[in-house]
Amino acid sequence: MNPFAIAGIQMKTSAVTSNVEMMKLKLDITMSIYPWVDMVVYSELCGYGPLTHNAQEIPGEFEKEMQAMAKKHGVWLLPGSIFEKSEGKIYNTATVINPKGEIVTRYRKMFPFYPYEVGVTPGSEFCVFDVPGVARFGLSICYDMWFPETVRTLAVMGAEVILHPTMTGTIDRDVELSIVRAMAAVNQCYFFDVNGLESGGSGRSLVCGPDGRVIYQAEGNEEIFPLELNINRVKRSRELGVLRLGQPLKSFRDHIGQFNIYQQGVQLPYLNSLGPLIKPTKLDNLAELKIKEHQYESPKNPTGYKGFSG
């Protein structure tokens, strides 16, 4: 057995005031009650909420305060994410801090929740880091996991535990819970999904093991949920199969060259036919946009557009 204890903190998040002092208090409480915890994970955009005008510079004061807290308690710390402003752009960025208070790595969310997460630039680099003698961890934020390629890439890079801060208060939370289970199973890894409350989400954080089974699911209230993970379960699953059945990572490895859609320059006519990435709107407005698009593409025949049927 190779135990490692991670605590998720599901807490209320304000959109209009800083949540940093409450984060610090929650960490003090967590380590007072559960001094055996090795790592603490918060939800997405926990520090300053979901509004981009609260974006901070990184490195900056937020990281300094979190570094001091990690060192104070001698714990690995993933303080969710914050909106980062950098060179005129805004990113959704998570920081990993070790028990000495040192910055180990940072990750910029690769898939902002377009078309709703307006004004946020996607990151371009996958992120894994090692906890010496324990495991390799991968970072993923909220909407990232809706794209199986992201978690699969982390698994191929050796990640055995996926840390996944999220901020979901929408009606698709049930769908997300099913995705967490699926990602854990098909990538044969632990998946630690931490959601917020109020402006930070609707709770129901979820932790799954490498067989896709639920280890713990929070409810819709503030919770601290410490769990001791047996990392050897990941190694056994990847060696012998999910529930001693399918071995998806090995099968993916042996057939990886057959996925032609990922080749650079390949034509994807169906995906290109889906239209622009815009917010759903009334049918009349959408039809008008499509007409304008068609007229722009075929200026010599502006009346040739047939519109929508049904």
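Numbers here simply count residues along the sequence, with the first being 1.
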Using side-chain contact (heavy atoms from CB on, under 4.5 Å), reason through T153 and M157 one step at a time and then give a plain yes or no. CA-CA 6 Å; T153 299; M157 294 171 72; 4.0 Å; yes
Checking salt bridge (charged side-chain N to carboxylate O under 4.0 Å, His left out) for the pair E21/K24: CA distance, chi angles, key distance, verdict? CA-CA 5 Å; E21 291 304 313; K24 292 160 67 173; 3.3 Å; yes
Evaluate the criterion side-chain contact (heavy atoms from CB on, under 4.5 Å) for residue pair T13 and L45; output intermediate values, then yes/no. CA-CA 8 Å; T13 299; L45 301 175; over 6 Å; no
Please evaluate residues K109 and E117 with respect to the criterion side-chain contact (heavy atoms from CB on, under 4.5 Å), reporting the C-alpha separation (whole Å), side-chain torsions for both, the decisive distance (0.1 Å), and the verdict. CA-CA 11 Å; K109 183 177 181 180; E117 201 169 346; 2.9 Å; yes
side-chain contact (heavy atoms from CB on, under 4.5 Å) for I179 and F191? Distances and angles first, verdict last. CA-CA 10 Å; I179 294 174; F191 204 105; over 6 Å; no
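The main-chain N or O of V16 is found under 3.5 Å from a side-chain atom of S14 such that the two form a donor-acceptor pair. Panel note: side chain N230, backbone N232; a donor-acceptor pair is recorded below 3.5 Å. The main-chain N or O of V120 is found under 3.5 Å from a side-chain atom of Y114 such that the two form a donor-acceptor pair. Side chain of S251 to backbone of P248: no donor-acceptor contact under 3.5 angstrom is found. Judged purely by atom type and a 3.5 angstrom limit, Q10 uses its side chain to pair as donor or acceptor with the backbone of E219. Using modelled atom types, no side-chain atom of S43 and backbone atom of I9 make a donor-acceptor pair closer than 3.5 Å.
The local environment of CD in E57 is sparse, with at most 12 non-hydrogen atoms from other residues, nucleotides or ligands closer than 6.0 Å. Enclosure of atom CD in E61 by more than 12 non-hydrogen atoms of other residues, nucleotides or ligands within 6.0 angstrom is indicated. Heavy atoms of other residues, nucleotides or ligands lying less than 6.0 angstrom from CG of L277 number more than 12. Under a cut-off of 6.0 angstrom, the local environment of CE in M22 is sparse, with at most 12 non-hydrogen atoms contributed by other residues, nucleotides or ligands.
How far CE of M66 is from CD1 of I103: 10.5 Å, rounded to the nearest 0.5 Å. Separation of atoms OG1 (T95) and OH (Y107) is listed at 13.0 Å; rounding is to 0.5 Å. In this structure, CE on M145 lies 12.5 Å from CG on N187, to the nearest 0.5 angstrom. Atoms CZ and NZ, on R108 and K89 in that order, are 9.0 Å from each other to the nearest 0.5 Å. Residue F62 holds its CZ atom at 9.0 Å from CD of Q56, rounded to the nearest 0.5 Å. In this structure, CD1 on I141 lies 7.0 Å from OG1 on T93, to the nearest 0.5 angstrom.
Side-chain contact of N92 with S81: a donor-acceptor pair under 3.5 Å is present, judged by distance alone.
Annotation: side chain of S237 is not in contact with side chain of D211 (no heavy-atom distance under 4.5 Å). With a 4.5 Å cut-off on side-chain heavy atoms, T52 and V118 do not count as touching. Residues K235 and E160 have side chains in contact (heavy-atom distance under 4.5 Å, counting atoms from C-beta outward). L154 is listed as a side-chain neighbour of V128, based on a closest heavy-atom distance under 4.5 Å. Within the 4.5 Å cutoff, the side chain of M39 has heavy atoms near those of the V131 side chain. Between F83 and H53, every side-chain heavy-atom pair lies at or beyond the 4.5 Å cut-off. Looking at heavy atoms from C-beta onward, R152 lies in side-chain contact with V186 at the 4.5 angstrom threshold. You'll find the side chain of Q188 stays beyond 4.5 Å of the side chain of R233, heavy atoms only.
Between S205 and D193, the closest heavy-atom pair is CB-O, 3.3 Å. The nearest pair of heavy atoms linking G47 to M23 is CA-SD, 3.6 Å. Considering all non-hydrogen atoms of both residues, A70 and G101 come closest at CB-CA, 4.5 Å. Considering all non-hydrogen atoms of both residues, P165 and L78 come closest at CG-CD2, 4.0 Å. In terms of heavy-atom proximity, G203 sits nearest to N195 at O-ND2, 2.9 Å. A pairwise comparison of heavy atoms in R238 and K250 identifies O-CE, 3.2 Å as the closest pair.
Remark: aromatic rings of Y190 and F4 are distant, center separation not under 6.0 Å.
Using cut-offs of 30° and 60° on the angle between ring planes, the pair F259 and Y262 is tilted. Using cut-offs of 30° and 60° on the angle between ring planes, the pair F113 and Y143 is perpendicular.
Between R106 and E63, at least one side-chain N (NZ, or NE/NH1/NH2) sits under 4.0 Å from a carboxylate O, which counts as a salt bridge. In summary, E176 and R173 engage in a salt bridge, as defined by a charged side-chain N under 4.0 Å from a carboxylate O.
For the side-chain contact (heavy atoms from CB on, under 4.5 Å) test with I97, the passing option among K71, Q67, E102 is Q67; the others fail.
If you chain together hydrophobic residues whose side chains sit under 4.5 Å apart, V234 and F137 fall into the same group.
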